[in-house]
Amino acid sequence: MYLTQGLQRALQRHPSKPAVTHLGEAGNRRHDFAQLADGVAHHAAALGQRGVKRGDPVALLAPNNDHLVRAILACWWMGAVACPLNVRWSAQEVQYALQDSEAALLLADESLRALAPEGPTPVLSFDEMAAEAAACAPLADTRTGGDALAAILYTGGTTGRSKGVLLSHANFWTASMTRGAELNNAPDSVSLLVAPLFHVAGLGRLVGQLIVGGRCVTMAQFRSAAVIEAIETHGISDILVVPTMLQSLLDDPAFTPQRVRSLDRIAFGAAPMPPDLLDRALAAWPHAEFFQAYGLTETAG
């Protein structure tokens with residue numbers, strides 16, 4: 001079991017099927033599975049040219065978008081370790097994580113580059129990495145998996161410094177299989193990834209979609225009106241939210257049940273769900289499955 005296995009399977013079965021769509025302020029970016037796999041293979045090669053070796057952590061500092069998804073997959077493709085960092089951290093917290101994880105490289109979104117500290121860890125923007133990747137021959141998938149380290153995810157650090165949790169390919173795979181036994185994850189599902197990918201819930205949802213060859217839609221941040229529009233326009237079938245996000249959707253003037261009728265599964269967690277809010281949501285989505293989730297970073301969600 002390796003975490004690029006679903007991508008390989010989708011590439012064989014339906015290469016032209018939409019894989020990742022990013023909804024950005026400057027326009028949307030769409031990648032089918034063939035385009036995604038090709039980009040991943042080139043970026044994996046570029047990581048290797050930058051001196052990243054199998055087993056090396058690669059720190060990633062970016063909001064949810066297609067570039068971050070591709071970078072995570074490129075790490076797994078070449079056998080490196082994805083280390084997505086909290087975009088709400090201070091520069092000092094980013095520096096601590098780089099030192100703690102012993103990251104070989106930091107890829108930073110241009111909007112967050114000011115958080116990248118000066119030090120021994122080389123720093124590249126995603127645009128710079130894309131330019132280097134375009135000049136590289138694609139790398140064959142190493143199919144690294146099993147007990148090999150896949151990611152380092154940092155905990156909330158509510159009682160001190162965040163702790164880096166080591167998660168293997170098998171950890172993520174078995175967690176996704178367990179969730180799949182409770183929640184049918186259909187190959188034609190369209191998941192809106194607004195839960196951050198530096199969090200185990202968001203990253204776990206990405207893994208689940210990759211395993212079945214489902215489609216992901218990414219947004220850099222949660223804005224209720226934009227989420228409602230995304231659900232309506234892109235036929236979003238499932239979403240993972242915290243209760244305050246759900247309340248924001250229901251309270252938004254743009255909300256109508258007709259606009260969000262494609263949503264047939266709503267997972268929620270991270271905070272108690274007020275009964276009256278749940279009643280409102282059940283009335284707005286009478287056909288949808290509601291799933292309360294509780295998990296831990298240390299258990300891959």
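It should be emphasised that the depicted structure is a prediction, and the values quoted were computed from it without experimental measurement.
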> List in chain and number order the residues that pass side chain to side chain donor-acceptor pair (under 3.5 Å) with Asp252, two or more places apart in sequence or in another chain; answer none if no residue qualifies.
Ser224
> Check this for me, if you would: do Arg280 and Asp251 make a salt bridge, where the nitrogen-to-carboxylate-oxygen distance has to be below 4.0 angstrom?
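Yes, this pair counts.
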> Among Val123, Leu85, Leu105, which one satisfies side chain to side chain contact (heavy atoms under 4.5 Å, CB included) with Leu98?
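Output: one option passes, namely Leu85.
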> Test of understanding: clusters of I, L, V, M, F, W, Y form through side-chain heavy atoms closer than 4.5 Å, transitively. Do Phe126 and Val94 belong to the same one?
no
> Does Arg259 have more than 12 heavy atoms from other residues, nucleotides or ligands lying within 6.0 Å of its CZ?
yes
> Salt-bridged, Asp238 to Arg205, with N to O below 4.0 Å?
yes
> Relative to each other, are the rings of Phe33 and His14 parallel, tilted or perpendicular (30° and 60° limits)?
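Phe33 and His14: tilted rings.
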> Report yes or no: do Thr142 and Arg54 form a side-chain donor-acceptor pair below 3.5 Å?
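No - no donor-acceptor pair under 3.5 Å links their side chains.
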> Report the residues that fulfil salt bridge (charged side-chain N to carboxylate O under 4.0 Å, His left out) with Glu93, sequence neighbours left out, ordered by chain and then residue number.
none
> Salt bridge between Arg50 and Glu128, side-chain N to carboxylate O under 4.0 Å?
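Judged by the 4.0 Å cut-off on N to carboxylate O distance, Arg50 and Glu128 do not form a salt bridge.
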> Could you check Leu192, Val190, Leu193 and say which one makes a side chain to side chain contact (heavy atoms under 4.5 Å, CB included) with Cys216?
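That would be Leu193.
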> Heavy-atom count around Arg143 CZ within 6.0 Å, excluding the residue itself: above 12?
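Enclosed: over 12 neighbouring heavy atoms sit under 6.0 Å from CZ of Arg143.
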> Under 6.0 Å from the CG atom of Asp147, do we count more than 12 heavy atoms belonging to anything else shown?
no
> For Thr4, which residues count as a side-chain contact (heavy atoms from CB on, under 4.5 Å) partner, sequence neighbours excluded?
Tyr2, Trp76, Trp77, Asp141
> So which atom in Ser176 and which in Val207 form the shortest heavy-atom distance, rounded to 0.1 Å?
OG-CG1, 3.4 Å
> Quick one: do Leu60 and Val81 end up in the same hydrophobic cluster if we chain Ile, Leu, Val, Met, Phe, Trp and Tyr together by side-chain heavy atoms under 4.5 Å apart?
no
> Hey, could you give me the CD1/CD1 distance between Ile231 and Ile239, rounded to the nearest 0.5 Å?
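Going from CD1 on Ile231 over to CD1 on Ile239, the span is 5.0 Å.
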> Do you see a donor-acceptor pair shorter than 3.5 Å between the side chains of Ser111 and Asp109?
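Yes, a side-chain donor-acceptor pair sits under 3.5 Å.
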> State, to 0.1 Å, how close Met219 and Asn64 come at their nearest heavy-atom pair, and which atoms those are.
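Closest heavy-atom pair between Met219 and Asn64: O-CB, 3.1 Å.
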> So how far is it from Leu203 CG to Leu167 CG, rounded to the nearest 0.5 Å?
8.5 Å
